[in-house]
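Down below is the structure, laid out as structure tokens.
Throughout, protein chains are lettered first and strands after them, A, B, ... in sequence-line order, and every chain is numbered starting at 1.
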2 protein chains.
Amino acid sequence: MTDQRWLSPAELSAWKKFIAVVELLPGVLDSQLQRDADLTHFEYFSLAMLSEAPDETLRMTALASLTNSTLPRLSHVVSRLEQRGYILRSPCAEDRRATNASLTAAGRKKVMHTAPGHVGTVLANVISPLSADDVNDLDRIMGTLLEKLDPENRFQARGA
Amino acid sequence: MTDQRWLSPAELSAWKKFIAVVELLPGVLDSQLQRDADLTHFEYFSLAMLSEAPDETLRMTALASLTNSTLPRLSHVVSRLEQRGYILRSPCAEDRRATNASLTAAGRKKVMHTAPGHVGTVLANVISPLSADDVNDLDRIMGTLLEKLDPENRFQARGA
DNA sequence: CCCCAATGCTTGACGCAACAACCTTCCGCC
DNA sequence: GGCGGAAGGTTGTTGCGTCAAGCATTGGGG
């Protein structure tokens, strides 16, 4: 904390732009999903993780790890998604403390129906403005940062 | 929305990592500031913007633009910071609808005292892991994205 | 000169996230 | 085999962000 180095001009420039993007991007994603599917990005992401899981089912803890959320937060969100009919909770046979969350047919349909618009937003706002080289650089840089921010690789548990 | 292109493997890889960082980074920044200064990143950023402004004073609208927030949000946050003695509100002479927000002496001290730790966190988690080339690439890529996400350049009103 | 729309900001109500407290089940150990 | 601690989830409370009004001021057109 007494590491009293400041940022160089080049570093400061990059940092300011980076933090601006970090603040703005979630709003863009959330707005589109909210408007078109009445889902937050976190809700969509949770459903998407389930849709990619074997049997479209995950333990709460596993899903919390994949979505980088706390268990209490996930529990609340899953409760809402369950009430809306997208997710079904069931006790886990192997460990009776645990709860499995599974995608319902309606949930699967919701994800499939929502994905194109979301992907379109990502393309329009992030991918399309960048060149192929930019995308590679972005991949490399974010990979480096993830090693710092998420050492256990919980978030990126699924392969590149 | 019927632009039914999907993401290429390279794009998908970059996107997954990027979104992971976007989700994780705010938490890292907020945690450090909360722990060491009892401030959210947004509160710190607001104070920092004021500290760089002429007379350490800005109209609410101008500050909202710099911090990329809505006016209601800013109004609430400024109310809290005012109660804590870091900011003073005063009516604007030129336009009696407007409100000026100024840094108090305590607010200035708070920013000066908080900045080093915050910069240290940024260095440790974002800048240090990257090479000089990485930083340049990051600057270029985020600049490109900002043109899409913030066309009016409100967020980056101050020079690079 | 007056009216009316637009601007600048504030306030109140509601929803979601973080934190803490709690209950249940599992497991290691004696 | 039963005791204590750890792991897995759920439930309340508090705090912040968003949205919808609302009030005051300004500026432009009749």
Side-chain angles (χ1 to χ4, degrees), chain A residues 22-35 37-47 57-84 87-102 152 154, chain B residues 22-35 38-47 57-84 87-102 154:
Chain A
V22 167
E23 298 282 334
L24 289 170
L25 190 53
V28 171
L29 300 181
D30 271 327
S31 300
Q32 181 267 326
L33 285 170
Q34 196 68 53
R35 175 168 44 82
D38 195 30
L39 288 174
T40 64
H41 181 252
F42 181 82
E43 289 168 338
Y44 170 75
F45 199 78
S46 301
L47 294 177
T57 298
L58 286 171
R59 306 244 298 239
M60 292 294 285
T61 302
L63 186 54
S65 183
L66 281 174
T67 57
N68 186 46
S69 79
T70 60
L71 225 26
R73 177 183 182 188
L74 185 64
S75 183
H76 282 134
V77 170
V78 168
S79 293
R80 288 170 223 143
L81 292 175
E82 192 175 22
Q83 286 186 343
R84 293 168 69 181
I87 284 184
L88 182 69
R89 263 195 258 235
S90 53
C92 177
E94 301 129 351
D95 186 339
R96 286 196 303 186
R97 296 170 297 180
T99 305
N100 284 327
S102 319
E152 284 109 23
R154 306 176 311 168
Chain B
V22 167
E23 299 281 334
L24 289 170
L25 190 53
V28 171
L29 300 180
D30 272 327
S31 300
Q32 181 268 326
L33 286 170
Q34 197 69 52
R35 174 167 45 81
D38 196 29
L39 288 175
T40 64
H41 181 252
F42 182 81
E43 289 169 338
Y44 170 76
F45 199 78
S46 300
L47 293 177
T57 298
L58 286 170
R59 305 242 302 235
M60 292 294 285
T61 302
L63 186 54
S65 183
L66 280 174
T67 57
N68 185 46
S69 79
T70 60
L71 223 27
R73 176 182 183 187
L74 184 65
S75 184
H76 282 136
V77 169
V78 168
S79 292
R80 288 169 225 147
L81 292 175
E82 192 175 23
Q83 286 184 343
R84 293 168 69 181
I87 284 184
L88 182 69
R89 264 195 258 233
S90 54
C92 177
E94 301 130 349
D95 186 338
R96 288 194 302 183
R97 295 170 298 179
T99 305
N100 284 328
S102 318
R154 307 174 310 167

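Side-chain contact between B/Ser75 and B/Arg89: present, with at least one pair of heavy atoms (C-beta onward) separated by less than 4.5 Å. Side-chain contact check for B/Phe42 versus B/Arg73: some heavy-atom pair is nearer than 4.5 Å.
Atom pair A/Leu71:CG and C/dA20:P shows a separation of 15 Å (rounding to whole Å applied). Rounded to whole Å, atom C1' of C/dA17 lies 13 Å from atom CG of A/Asp30. In this structure, CZ of B/Arg89 is placed 16 Å from P of C/dG8, rounded to the nearest angstrom. Atom pair B/Leu39:CG and D/dC16:C1' shows a separation of 14 Å (rounding to whole Å applied). One atom, CZ of B/Arg84, and another, P of D/dG15, lie 12 Å apart when rounded to the nearest Å. Between B/Gln34 atom CD and D/dG15 atom C1' the separation is 10 Å, expressed in whole Å. Taking atom CG on B/Asp38 and atom P on D/dG15, their separation rounds to 12 Å, with Å as the unit. Residue A/Met60 contributes atom CE, which lies 10 Å from atom P of D/dT11 at whole-angstrom precision.
Summarising the geometry, atom CZ belonging to A/Arg84 is positioned 5.0 Å from atom CG belonging to A/Leu39; distances are rounded to the nearest 0.5 Å. The structure places CE of B/Met60 at 4.0 Å from CG of B/Leu74, a figure rounded to the nearest 0.5 Å. Put simply, CG on A/Leu33 and CG on A/Leu29 are 7.0 Å apart, with the number rounded to the nearest 0.5 Å.
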(message) Protein within reach of the bases, or only the backbone? For nucleotides 17-28 of chain D, mark each nucleotide 5' to 3' as B, S or -, using heavy atoms under 4.0 Å.
(response) SBBB----BS--
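Scanning for side-chain hydrogen bond (donor to acceptor under 3.5 Å, both in side chains) contacts around B/Asp30 gives an empty result, with sequence neighbours left out.
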